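Reviewing the structure listed below.
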Amino acid sequence: MIRVRFAPSPTGYLHIGAARTALFNWLYARKIGGTFLLRIEDTDLQRSTDESTRSIIEGLHWLGLDYDEELVFQSANADKHRAAALRLIEAGKAYRDFTPKAERADANVKQEIAERARAASHTGTDHRSNPFRDLSSQESESRAAAGEPFAVRLKVAREGLSSFVDAVYGAQERDYAEIEDLVLLRSDGHPLYNLSVVCDDIEMRITDVIRGQDHLTNTHKQILIYEALNASVPRFAHLPLILAPGGKKLSKRIHGEIVSLTTYRDAGFLPAAVCNFLALLGWSPAGVQFAATSTPGNEEVPVDPRVGELMSLREMIDNFSLERIHRNPAIFNFDANNPKRWTDDKLLWMNAHYIRTLPHEELLPLVRAELEASRLWREEYAGDRRDWFARAVDLIRERFYTLKDFSGQGRAYFGDEFEFDEAAVKKNLQKEPRLKELLPVLAARIDQTEPFTQETCEASLRACAEETGVKAGLFINAARTALTGQAVGPSMFEVFDLVGRDASARRLREAVRLI
RNA sequence: GGCGCUAUGGUGUAAUUGGUUAACACGCUGCCCUCUCAAGGCAGAGAGUACGGGUUCGAUCCCCGUUAGCGCUACCA
């Protein structure tokens, strides 16, 4: 039985990279009928927040990634982790380190580490030079009993090689000389990350660890802990990281909201689109396109009924495999200075595609939620005007990118309170002063149109244009702005039909004041 | 500093595991459609696969080096 887990630390919001890790774990579990677990790694009590935990759970729920079994909080297992460390001391596989704790300035830890390493290589000190490593157990115990504070470190063998086969990155090796006697337990008794993950993964009977590539080199340390604990080592699969444009690190601190999953939810993205996009960052389904011909002159033959990039969660599950995850980091492309490109182009396109192609039963509830949030929803859209509502959504969704557009650009379809786009007013209304007189004429015409359909509206408008000696286009464009506030939109006669006779005529008359 | 990972158009990815005019999607340009804007259709531009060496009849693919980016290197996770 395959068991995988997603184990985020609850600091800040859910990062899109983390969301992708969750997705891959979930896809893998669902693909092979395994179990997908969620564990909150709140070992660092200073930085962990309940709010963050909530946003992680909400985020996964929003994406549709349901987890099996009980949610696990790592902090709840701290006692077990401590006990494991103590057991290792007794077994002689770990030792007490009485060296006083060195304070580190949080700001530039990385530099400090590098400098420390540089100094160590100059003086020739190696990773096994800790004076407490070979302290007799009697002395170690008596000092501990006397109340002297100590950290617990794993006793890494002096010679040897750690190795494992990563499902994505292949064979990995690391000389023990590169690995220090890592701290398992802090002197204040708190278990550290490497110990905690291993203990929890053992306890949760995790068989496959799928996580970000940033954990690749530390995996060797964790394997050492598994071995010391006499536990079987799980399979590992590391995922390439997601980087910012220019190949730089994509960080919460520098890039802000753009990396937060909630940003996309709040901006009107569909979970299906986000999942689809994320899945394609670092993975691609087999047979995504036509195979090259084997011999020149042969006809192009599709290998497979073409599997496109557009996939539902179901299709992603069916096509998923660890083998097709690749190793190079993906760049999440966006331009912070360009509002039209505030996030990745392809994600934007994909979201628009989903909006315009999703079946009604899936899209309509989402539009309803958006309208409710903007106070544009009316109960009759679910009752008497059900068909009208579906028709309206169908008509306008064609050119929308996010759900927000239904309450933004699409506002005029659901109520009389809407904004006029300045450029549209200028271009379609003010440019032709005669419209001041012409619009009421058209309005009168619309009032008398019976029955009120696309066809009759078109006939009325064209007749009106002919009689007044202007081009139909002038009326059409003016009407678009008068009725919707926009310069762009669906075919105008359908808009008349949808907005209805009374509102159409009224808006045409009211638009006169804008000229 | 040490160790590790990665490198295919602007971006995401293909390339039957050494034989293709290096393919697809997004984006970009133009045309068609047209009442506008999209969508859709059609046609293009854009990489000779980071660079330099090998191995081979033949390298995107195998090996070595260089460069760049990233990761790890903590009593952070």
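Computed from a prediction, not measured in an experiment: that's the story for all the values here.
Taking atom CG of residue A:N276 and atom C1' of nucleotide B:G12, one finds them 12 Å apart after rounding to whole Å. Note: NE2 (A:H190) to C1' (B:A77) measures 14 Å, nearest angstrom. Note: CG (A:L395) to C1' (B:C35) measures 14 Å, nearest angstrom. The distance between atom CG of A:D335 and atom C1' of B:C28, rounded to the nearest whole Å, is 15 Å. Nucleotide B:A7 holds its P atom 11 Å from the CD atom of A:Q213, rounded to whole Å.
With hydrogens and angles ignored, no donor-acceptor pair closer than 3.5 Å exists between the side chain of A:E115 and the base of B:G1. Taking only distance into account, the side chain of A:R327 never meets the base of B:C5 through a donor-acceptor pair shorter than 3.5 Å. One can find a donor-acceptor pair under 3.5 Å joining the base of B:C35 and the side-chain atoms of A:S491.
As judged by a 4.0 angstrom heavy-atom cut-off over every strand, A:S187 is placed among the base-contacting residues. Using a 4.0 Å heavy-atom criterion, one finds that A:P149 contacts no nucleic acid atom at all. At a threshold of 4.0 angstrom between heavy atoms, the contacts of A:P245 with the nucleic acid are absent. Contacts of A:R153 with the nucleic acid, taken as non-hydrogen atoms under 4.0 Å apart, involve only primed sugar atoms and P, OP1 or OP2. Across all strands shown, A:H215 has heavy atoms under 4.0 Å from base atoms, whether or not it also approaches the sugar-phosphate. Within 4.0 Å (heavy atoms only), A:Y193 reaches at least one base atom of the nucleic acid.
Under 4.0 angstrom from either OP1 or OP2 of B:U36 there lies no side-chain N or O belonging to A:K427. Within the 4.0 Å cut-off from OP1 or OP2 of B:U36, not a single side-chain nitrogen or oxygen of A:R399 is found. At the phosphate of B:C70, OP1 or OP2 sits under 4.0 Å from a side-chain N or O atom of A:K248. For B:G10, the OP1/OP2 oxygens have no side-chain nitrogen or oxygen of A:N333 closer than 4.0 Å.
In textbook terms, a nucleotide whose glycosidic angle is within 90° of 0 is syn, and B:G48 is one such case. Under the 90° criterion around 0 for the glycosidic angle, B:U66 counts as anti.
Other residues, nucleotides and ligands contribute only 12 or fewer heavy atoms inside 6.0 Å of the OH atom of A:Y401.
Relative ring orientation between A:W342 and A:Y264 is described as parallel, the plane-to-plane angle staying below 30° on a 0-90° scale split at 30° and 60°. Ring pair A:W349/A:H353 is tilted by interplanar angle, where 30° to 60° counts as tilted.
Remark: A:R143 is not positioned above the aromatic ring of A:F150, lacking an NZ or CZ atom under 6.0 angstrom from the ring centre and at most 45 degrees off the axis. In this structure, A:R324 forms no cation-pi arrangement with A:F320, as its terminal cationic atom is not both closer than 6.0 Å to the ring centre and no more than 45° off the ring axis.
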